[in-house]
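Nothing here was measured: the structure is a model prediction, and the numbers come from that model. Convention: sequence-line order gives letters A, B, ...; per-chain numbering from 1.
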Amino acid sequence: MPELPEVETARSLIAGRALHRQIVDVDDSDRYVTRPHAGGELGSALTGRSLTAAHRRGKTIWVETSPAGGPAAGGPAAGGPELGIHLGMSGRIVVTDPDGAIAEAGDPQRYGAKLPKPAWNRFTLRFADGGSLVLLDPRRLGRVRLHPDIAALGPDAAQVTPAEFRALITKGRTAVKARLLDQSKIAGVGNLLADEIAWQARVSPQAPVNSLSPAQVNRLYRALKSAVESAIAKGGAHTGEIYAARRRGGTCPRDGAPMVHGTVGGRSTWWCSREQAIRAARRPRGQRTPAG
DNA sequence: AACAATGTTCAGTC
DNA sequence: GGACTGAACATTGT
(Lines give C-alpha, C1' and ligand atoms only; values in the text may rest on other atoms or scores of the structure.)
Protein backbone atom coordinates (compact mmCIF):
# COMPACT_ATOMS: atom_id res chain seq x y z
CA MET A 1 0.00 0.00 0.00
CA PRO A 2 2.21 2.75 1.14
CA GLU A 3 3.75 4.99 -1.45
CA LEU A 4 3.33 8.74 -1.39
CA PRO A 5 -0.42 8.68 -2.11
CA GLU A 6 -1.26 6.23 0.68
CA VAL A 7 1.02 8.07 3.09
CA GLU A 8 -0.65 11.37 2.24
CA THR A 9 -4.02 9.81 2.99
CA ALA A 10 -2.68 8.60 6.34
CA ARG A 11 -1.27 12.05 7.14
CA SER A 12 -4.56 13.63 6.24
CA LEU A 13 -6.40 11.20 8.49
CA ILE A 14 -4.17 12.04 11.43
CA ALA A 15 -4.49 15.77 10.77
CA GLY A 16 -8.26 15.51 10.52
CA ARG A 17 -9.07 13.20 13.38
CA ALA A 18 -6.21 12.63 15.80
CA LEU A 19 -5.10 16.13 16.78
CA HIS A 20 -5.69 17.82 20.14
CA ARG A 21 -6.64 14.64 21.95
CA GLN A 22 -4.64 13.99 25.08
CA ILE A 23 -2.49 10.85 25.03
CA VAL A 24 -2.97 8.81 28.18
CA ASP A 25 -1.27 5.56 27.20
CA VAL A 26 1.25 4.36 24.61
CA ASP A 27 1.86 0.80 23.46
CA ASP A 28 5.41 0.89 22.13
CA SER A 29 6.21 -2.70 23.03
CA ASP A 30 7.10 -3.79 19.47
CA ARG A 31 10.86 -3.63 19.57
CA TYR A 32 11.31 -3.97 15.83
CA VAL A 33 8.82 -1.34 14.66
CA THR A 34 10.22 1.12 17.21
CA ARG A 35 13.87 0.24 16.51
CA PRO A 36 16.40 1.21 17.80
CA HIS A 37 14.13 1.79 20.77
CA ALA A 38 15.36 0.14 23.95
CA GLY A 39 12.01 0.32 25.70
CA GLY A 40 9.65 2.93 27.08
CA GLU A 41 11.19 6.02 25.47
CA LEU A 42 8.28 6.66 23.14
CA GLY A 43 5.76 6.15 25.92
CA SER A 44 7.48 8.48 28.32
CA ALA A 45 8.06 11.07 25.62
CA LEU A 46 4.43 11.15 24.46
CA THR A 47 2.21 10.38 27.44
CA GLY A 48 0.41 13.48 28.65
CA ARG A 49 0.90 15.35 25.38
CA SER A 50 -1.36 15.66 22.38
CA LEU A 51 -0.68 15.71 18.64
CA THR A 52 -0.82 19.21 17.21
CA ALA A 53 0.03 18.97 13.48
CA ALA A 54 0.77 16.23 10.93
CA HIS A 55 3.31 16.69 8.13
CA ARG A 56 4.67 14.54 5.34
CA ARG A 57 7.69 14.44 3.07
CA GLY A 58 7.81 11.54 0.65
CA LYS A 59 6.78 8.46 2.59
CA THR A 60 7.69 9.82 6.02
CA ILE A 61 5.10 11.35 8.34
CA TRP A 62 6.08 13.47 11.30
CA VAL A 63 3.67 14.74 13.89
CA GLU A 64 4.21 17.70 16.19
CA THR A 65 3.23 17.35 19.82
CA SER A 66 2.18 19.74 22.53
CA PRO A 67 4.26 20.51 25.60
CA ALA A 68 3.72 17.99 28.38
CA GLY A 69 0.55 18.60 30.30
CA GLY A 70 -1.62 20.12 27.58
CA PRO A 71 -2.05 22.85 25.00
CA ALA A 72 0.84 25.08 24.10
CA ALA A 73 1.57 27.46 26.92
CA GLY A 74 4.64 29.06 25.41
CA GLY A 75 5.38 30.29 21.92
CA PRO A 76 5.21 28.24 18.73
CA ALA A 77 8.62 26.74 19.46
CA ALA A 78 7.59 25.34 22.82
CA GLY A 79 6.27 22.02 21.55
CA GLY A 80 7.10 18.47 22.51
CA PRO A 81 9.07 15.89 20.51
CA GLU A 82 8.27 15.05 16.88
CA LEU A 83 6.70 11.66 16.34
CA GLY A 84 7.93 10.03 13.13
CA ILE A 85 5.81 7.39 11.39
CA HIS A 86 6.78 5.31 8.37
CA LEU A 87 4.34 2.76 6.96
CA GLY A 88 6.96 0.43 5.49
CA MET A 89 5.61 -2.17 3.04
CA SER A 90 2.25 -2.88 4.62
CA GLY A 91 1.45 -0.26 7.26
CA ARG A 92 -1.88 1.50 7.70
CA ILE A 93 -3.14 4.09 10.15
CA VAL A 94 -6.42 3.61 11.98
CA VAL A 95 -7.99 6.28 14.19
CA THR A 96 -10.92 5.50 16.44
CA ASP A 97 -13.25 8.03 18.00
CA PRO A 98 -14.73 8.03 21.51
CA ASP A 99 -17.99 6.60 20.15
CA GLY A 100 -16.09 3.71 18.60
CA ALA A 101 -16.25 5.00 15.03
CA ILE A 102 -13.27 3.83 13.03
CA ALA A 103 -11.52 5.81 10.35
CA GLU A 104 -8.91 4.16 8.22
CA ALA A 105 -6.36 5.56 5.86
CA GLY A 106 -5.75 4.34 2.37
CA ASP A 107 -7.33 1.83 0.11
CA PRO A 108 -6.41 -1.53 1.60
CA GLN A 109 -5.31 -3.75 -1.25
CA ARG A 110 -3.30 -6.77 -0.30
CA TYR A 111 -3.36 -7.16 3.45
CA GLY A 112 -6.38 -4.92 3.76
CA ALA A 113 -8.61 -7.21 1.77
CA LYS A 114 -9.13 -9.25 4.89
CA LEU A 115 -10.20 -8.05 8.30
CA PRO A 116 -7.06 -6.86 10.05
CA LYS A 117 -5.95 -9.05 12.91
CA PRO A 118 -5.48 -7.44 16.33
CA ALA A 119 -2.01 -8.97 16.33
CA TRP A 120 -1.10 -6.56 13.54
CA ASN A 121 -1.39 -3.58 15.88
CA ARG A 122 2.24 -2.54 16.14
CA PHE A 123 1.97 0.83 17.88
CA THR A 124 -0.93 2.48 19.70
CA LEU A 125 -1.67 5.89 21.15
CA ARG A 126 -4.69 5.77 23.46
CA PHE A 127 -6.47 9.07 24.00
CA ALA A 128 -8.19 10.37 27.14
CA ASP A 129 -11.51 10.41 25.26
CA GLY A 130 -11.36 6.63 24.81
CA GLY A 131 -10.30 6.67 21.15
CA SER A 132 -6.94 5.71 19.71
CA LEU A 133 -4.46 5.96 16.89
CA VAL A 134 -3.02 2.64 15.72
CA LEU A 135 -0.28 1.67 13.31
CA LEU A 136 -1.42 -1.60 11.74
CA ASP A 137 1.37 -3.42 9.95
CA PRO A 138 1.31 -7.12 9.04
CA ARG A 139 4.90 -7.21 7.83
CA ARG A 140 6.35 -5.05 10.60
CA LEU A 141 8.66 -3.18 8.25
CA GLY A 142 7.06 0.09 9.27
CA ARG A 143 8.74 2.30 11.79
CA VAL A 144 7.88 4.67 14.62
CA ARG A 145 10.56 6.89 16.08
CA LEU A 146 11.16 10.28 17.61
CA HIS A 147 12.65 13.08 15.49
CA PRO A 148 12.90 11.37 12.08
CA ASP A 149 15.66 12.67 9.79
CA ILE A 150 13.61 14.57 7.24
CA ALA A 151 16.66 16.38 5.89
CA ALA A 152 17.99 13.10 4.48
CA LEU A 153 15.09 13.06 2.02
CA GLY A 154 15.00 14.85 -1.31
CA PRO A 155 12.16 17.21 -2.19
CA ASP A 156 8.69 15.70 -2.05
CA ALA A 157 7.59 14.23 -5.37
CA ALA A 158 4.38 16.30 -5.26
CA GLN A 159 6.35 19.53 -4.72
CA VAL A 160 9.51 19.15 -6.78
CA THR A 161 10.01 21.77 -9.48
CA PRO A 162 11.10 21.02 -13.06
CA ALA A 163 14.53 22.54 -12.46
CA GLU A 164 15.07 20.54 -9.28
CA PHE A 165 13.87 17.41 -11.02
CA ARG A 166 16.29 17.79 -13.89
CA ALA A 167 19.25 18.42 -11.59
CA LEU A 168 18.43 15.51 -9.28
CA ILE A 169 17.53 12.97 -11.93
CA THR A 170 20.15 13.30 -14.62
CA LYS A 171 23.41 13.02 -12.69
CA GLY A 172 25.22 9.68 -12.67
CA ARG A 173 24.52 6.63 -14.77
CA THR A 174 22.14 4.50 -12.74
CA ALA A 175 18.93 3.23 -14.29
CA VAL A 176 15.96 5.61 -14.47
CA LYS A 177 13.88 3.43 -12.22
CA ALA A 178 16.60 3.12 -9.58
CA ARG A 179 16.90 6.89 -9.52
CA LEU A 180 13.14 7.44 -9.25
CA LEU A 181 13.18 5.13 -6.22
CA ASP A 182 16.06 6.97 -4.54
CA GLN A 183 14.39 8.78 -1.67
CA SER A 184 17.41 10.99 -1.06
CA LYS A 185 16.94 12.47 -4.54
CA ILE A 186 13.13 12.72 -4.78
CA ALA A 187 10.98 11.49 -1.93
CA GLY A 188 7.77 9.54 -2.31
CA VAL A 189 8.02 7.39 -5.44
CA GLY A 190 7.68 3.66 -4.78
CA ASN A 191 7.79 0.58 -6.96
CA LEU A 192 4.34 0.90 -8.52
CA LEU A 193 4.57 4.64 -9.12
CA ALA A 194 8.02 4.27 -10.67
CA ASP A 195 6.70 1.80 -13.25
CA GLU A 196 3.69 4.01 -13.90
CA ILE A 197 5.86 7.08 -14.41
CA ALA A 198 8.29 5.39 -16.80
CA TRP A 199 5.37 3.95 -18.74
CA GLN A 200 3.51 7.27 -19.00
CA ALA A 201 6.74 8.93 -20.15
CA ARG A 202 7.50 6.13 -22.64
CA VAL A 203 10.98 5.79 -21.17
CA SER A 204 12.75 2.51 -20.51
CA PRO A 205 13.14 1.90 -16.78
CA GLN A 206 16.59 0.50 -17.60
CA ALA A 207 17.85 3.58 -19.42
CA PRO A 208 20.90 5.13 -17.76
CA VAL A 209 19.91 8.55 -16.43
CA ASN A 210 22.76 10.27 -18.23
CA SER A 211 21.42 8.98 -21.55
CA LEU A 212 18.09 10.78 -21.25
CA SER A 213 17.28 13.46 -23.80
CA PRO A 214 15.83 16.75 -22.55
CA ALA A 215 12.50 15.67 -24.04
CA GLN A 216 12.60 12.44 -22.06
CA VAL A 217 13.39 14.29 -18.85
CA ASN A 218 10.45 16.60 -19.49
CA ARG A 219 8.15 13.66 -20.11
CA LEU A 220 9.32 11.99 -16.90
CA TYR A 221 8.62 15.14 -14.93
CA ARG A 222 5.14 15.53 -16.33
CA ALA A 223 4.47 11.83 -15.77
CA LEU A 224 5.67 12.10 -12.18
CA LYS A 225 3.28 14.92 -11.45
CA SER A 226 0.30 13.39 -13.19
CA ALA A 227 0.85 9.93 -11.70
CA VAL A 228 1.20 11.30 -8.17
CA GLU A 229 -1.78 13.64 -8.43
CA SER A 230 -3.98 10.97 -9.93
CA ALA A 231 -2.97 8.37 -7.35
CA ILE A 232 -3.68 10.74 -4.47
CA ALA A 233 -7.09 11.57 -5.92
CA LYS A 234 -7.96 7.93 -6.54
CA GLY A 235 -6.64 6.65 -3.24
CA GLY A 236 -3.47 4.74 -3.95
CA ALA A 237 -0.58 3.81 -6.21
CA HIS A 238 -2.45 0.69 -7.31
CA THR A 239 -4.94 2.87 -9.21
CA GLY A 240 -2.35 3.60 -11.91
CA GLU A 241 -3.06 2.79 -15.54
CA ILE A 242 -0.61 -0.09 -15.79
CA TYR A 243 -1.30 -1.70 -12.44
CA ALA A 244 -3.55 -4.32 -14.01
CA ALA A 245 -0.93 -5.05 -16.68
CA ARG A 246 1.80 -5.85 -14.15
CA ARG A 247 1.31 -9.60 -14.45
CA ARG A 248 2.24 -12.48 -16.69
CA GLY A 249 0.48 -12.09 -20.00
CA GLY A 250 -0.25 -8.42 -19.35
CA THR A 251 -0.47 -6.07 -22.31
CA CYS A 252 0.21 -2.36 -22.66
CA PRO A 253 -3.04 -0.38 -22.25
CA ARG A 254 -1.90 2.01 -25.01
CA ASP A 255 -0.71 -0.22 -27.82
CA GLY A 256 -1.52 -3.75 -26.73
CA ALA A 257 2.09 -4.91 -26.93
CA PRO A 258 3.20 -7.49 -24.37
CA MET A 259 4.49 -6.18 -21.06
CA VAL A 260 8.01 -7.27 -20.15
CA HIS A 261 9.08 -8.22 -16.67
CA GLY A 262 12.50 -7.89 -15.11
CA THR A 263 14.41 -6.67 -12.10
CA VAL A 264 15.53 -3.04 -12.22
CA GLY A 265 16.98 -1.19 -9.28
CA GLY A 266 16.52 -4.34 -7.27
CA ARG A 267 12.75 -4.30 -7.69
CA SER A 268 10.23 -6.20 -9.77
CA THR A 269 9.59 -4.09 -12.88
CA TRP A 270 7.10 -4.17 -15.76
CA TRP A 271 7.28 -2.16 -18.96
CA CYS A 272 5.90 -2.06 -22.50
CA SER A 273 8.01 -4.12 -24.87
CA ARG A 274 7.38 -1.72 -27.73
CA GLU A 275 7.13 1.81 -26.37
CA GLN A 276 9.73 1.44 -23.65
CA ALA A 277 12.33 -0.56 -25.49
CA ILE A 278 15.88 0.32 -24.51
CA ARG A 279 17.73 2.08 -27.28
CA ALA A 280 20.76 4.21 -27.86
CA ALA A 281 20.74 7.67 -26.36
CA ARG A 282 19.07 10.25 -28.56
CA ARG A 283 20.93 13.38 -29.32
CA PRO A 284 19.64 16.72 -30.49
CA ARG A 285 19.38 17.03 -34.26
CA GLY A 286 22.63 17.96 -35.90
CA GLN A 287 24.79 17.28 -32.88
CA ARG A 288 27.61 14.84 -33.37
CA THR A 289 28.51 12.15 -30.92
CA PRO A 290 31.80 12.84 -29.19
CA ALA A 291 34.74 11.66 -31.20
CA GLY A 292 36.44 8.69 -29.71
C1' DA B 1 7.00 -25.48 -0.46
C1' DA B 2 9.05 -21.90 -2.74
C1' DC B 3 8.68 -17.43 -4.10
C1' DA B 4 7.10 -12.70 -4.36
C1' DA B 5 5.35 -8.64 -1.98
C1' DT B 6 3.29 -0.66 -2.64
C1' DG B 7 10.36 -0.19 1.69
C1' DT B 8 14.59 0.87 3.97
C1' DT B 9 19.21 0.00 5.36
C1' DC B 10 23.59 -1.98 5.69
C1' DA B 11 27.81 -4.26 4.06
C1' DG B 12 30.49 -4.57 0.27
C1' DT B 13 32.59 -3.19 -4.34
C1' DC B 14 34.14 -0.11 -7.70
C1' DG C 1 34.35 9.73 -0.53
C1' DG C 2 30.58 9.08 -3.75
C1' DA C 3 27.87 6.00 -6.61
C1' DC C 4 26.04 1.88 -7.02
C1' DT C 5 24.47 -3.25 -6.03
C1' DG C 6 22.59 -7.01 -3.61
C1' DA C 7 21.27 -9.09 0.56
C1' DA C 8 18.88 -8.72 4.83
C1' DC C 9 15.09 -7.49 7.54
C1' DA C 10 9.65 -9.76 9.26
C1' DT C 11 5.57 -11.60 7.79
C1' DT C 12 1.85 -12.88 4.79
C1' DG C 13 -0.38 -14.52 0.60
C1' DT C 14 -0.32 -17.26 -3.61
Side-chain angles (χ1 to χ4, degrees), chain A residues 1-10 30-37 56-61 84-93 105-123 135-145 148-150 152-154 157 168-199 205-210 227-228 230-232 234-248 250 261-270:
Chain A
M1 305 173 16
E3 300 186 32
L4 187 156
E6 291 85 354
V7 178
E8 172 55 23
T9 307
D30 190 312
R31 289 285 187 281
Y32 190 75
V33 166
T34 58
R35 63 198 181 281
H37 172 53
R56 180 191 60 76
R57 181 137 147 204
K59 304 170 196 168
T60 298
I61 291 172
I85 300 174
H86 197 292
L87 301 181
M89 286 282 263
S90 60
R92 295 144 63 186
I93 295 294
D107 183 334
Q109 185 70 5
R110 185 183 181 80
Y111 297 94
K114 296 184 173 177
L115 230 43
K117 301 175 187 173
W120 292 346
N121 290 4
R122 307 301 187 187
F123 179 81
L135 169 65
L136 210 70
D137 185 10
R139 284 181 63 181
R140 288 176 76 209
L141 291 171
R143 198 160 184 177
V144 177
R145 69 214 298 187
D149 185 7
I150 301 303
L153 299 169
L168 290 162
I169 283 294
T170 56
K171 272 180 280 185
R173 54 185 49 197
T174 197
V176 165
K177 174 155 181 183
R179 179 57 51 84
L180 287 171
L181 292 173
D182 184 343
Q183 306 297 300
S184 73
K185 299 297 190 297
I186 291 169
V189 177
N191 199 38
L192 298 181
L193 276 177
D195 279 6
E196 179 74 20
I197 291 164
W199 177 80
Q206 300 175 300
V209 292
N210 61 348
V228 166
S230 165
I232 290 175
K234 294 180 179 174
H238 63 283
T239 64
E241 289 184 58
I242 63 153
Y243 182 73
R246 298 177 91 263
R247 56 177 175 75
R248 270 178 40 201
H261 181 247
T263 298
V264 185
R267 305 298 301 278
S268 178
T269 303
W270 294 85

Q: Provide the distance between the two P atoms, one in dA4(B) and one in dG6(C), to the nearest whole Å.
A: 15 Å

Just the atom pairs and distances: protein N or O near nucleotides 8-14 of chain B's N or O, under 3.5 Å.
residue, atom, partner, partner atom, Å
dT8(B), OP1, His86(A), NE2, 2.8
dT8(B), OP2, Lys59(A), NZ, 3.1

Taking [atom1] from [X] and [atom2] from [N], how many angstroms apart are they, rounded to a whole number?
{"X": "Leu87(A)", "N": "dA10(C)", "atom1": "CG", "atom2": "C1'", "result": "16 Å"}
{"X": "Tyr32(A)", "N": "dT11(C)", "atom1": "OH", "atom2": "P", "result": "9 Å"}
{"X": "His261(A)", "N": "dA5(B)", "atom1": "NE2", "atom2": "C1'", "result": "11 Å"}
{"X": "Met89(A)", "N": "dC3(B)", "atom1": "CE", "atom2": "C1'", "result": "13 Å"}
{"X": "Asp137(A)", "N": "dA5(B)", "atom1": "CG", "atom2": "P", "result": "18 Å"}
{"X": "Asp195(A)", "N": "dT6(B)", "atom1": "CG", "atom2": "P", "result": "9 Å"}
{"X": "Trp120(A)", "N": "dA10(C)", "atom1": "CH2", "atom2": "P", "result": "18 Å"}

Q: Starting from Watson-Crick (N1-N3 plus N6-O4 or O6-N4) and G-U wobble pairs under 3.5 Å, report the runs of at least three that DNA chain C belongs to.
A: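 DNA chain C forms these stems: B:2-5 with C:11-14, B:7-14 with C:2-9.
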
(Q) Taking the cut-offs as 6.0 angstrom to the six-membered ring centre and 45 degrees off its axis, would you call Arg35(A) and Tyr32(A) a cation-pi pair? (A) yes

Q: For the residue pair Trp270(A) and His261(A), categorise the inter-ring angle as parallel (less than 30°), tilted (30 to 60°) or perpendicular (more than 60°).
A: tilted

Look for any protein N or O under 3.5 Å of an N or O in nucleotides 3-5 of chain C and output each such pair with its distance, or none.
residue, atom, partner, partner atom, Å
dC4(C), OP1, Arg173(A), N, 2.7
dC4(C), OP1, Thr174(A), N, 3.1
dC4(C), OP2, Arg179(A), NH2, 2.9
dT5(C), OP2, Thr174(A), OG1, 3.2

**Q.** salt bridge (Lys or Arg N to Asp or Glu O under 4.0 Å) partners for Arg145(A), two or more places apart
**A.** none

**Q.** Non-neighbouring partners of Lys59(A) that pass salt bridge (Lys or Arg N to Asp or Glu O under 4.0 Å), sequence neighbours left out
**A.**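 Residues passing salt bridge (Lys or Arg N to Asp or Glu O under 4.0 Å) with Lys59(A): none at all.
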
Q) Within the pair Ser268(A) and dA5(B), is there a side-chain N or O less than 4.0 Å away from OP1 or OP2? A)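 Checking Ser268(A) against dA5(B): at least one side-chain N or O falls below 4.0 Å of OP1 or OP2.
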
Q: Establish whether the base of dA10(C) is bridged to the side chain of Arg139(A) by a donor-acceptor pair shorter than 3.5 Å.
A: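 Answer is yes: a donor-acceptor pair is held.
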
(Q) Going by the rule side chain to side chain contact (heavy atoms under 4.5 Å, CB included), which residues pair with Ala231(A) if we only count those two or more places apart in sequence or in a different chain? (A) Pro5(A), Leu193(A), Thr239(A)

Q) Which is true for Gly266(A) with a 4.0 Å heavy-atom rule: it touches a base, it touches only sugar-phosphate, or it touches nothing? A)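 If one applies the 4.0 Å heavy-atom cut-off, Gly266(A) turns out to touch nothing in the nucleic acid.
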
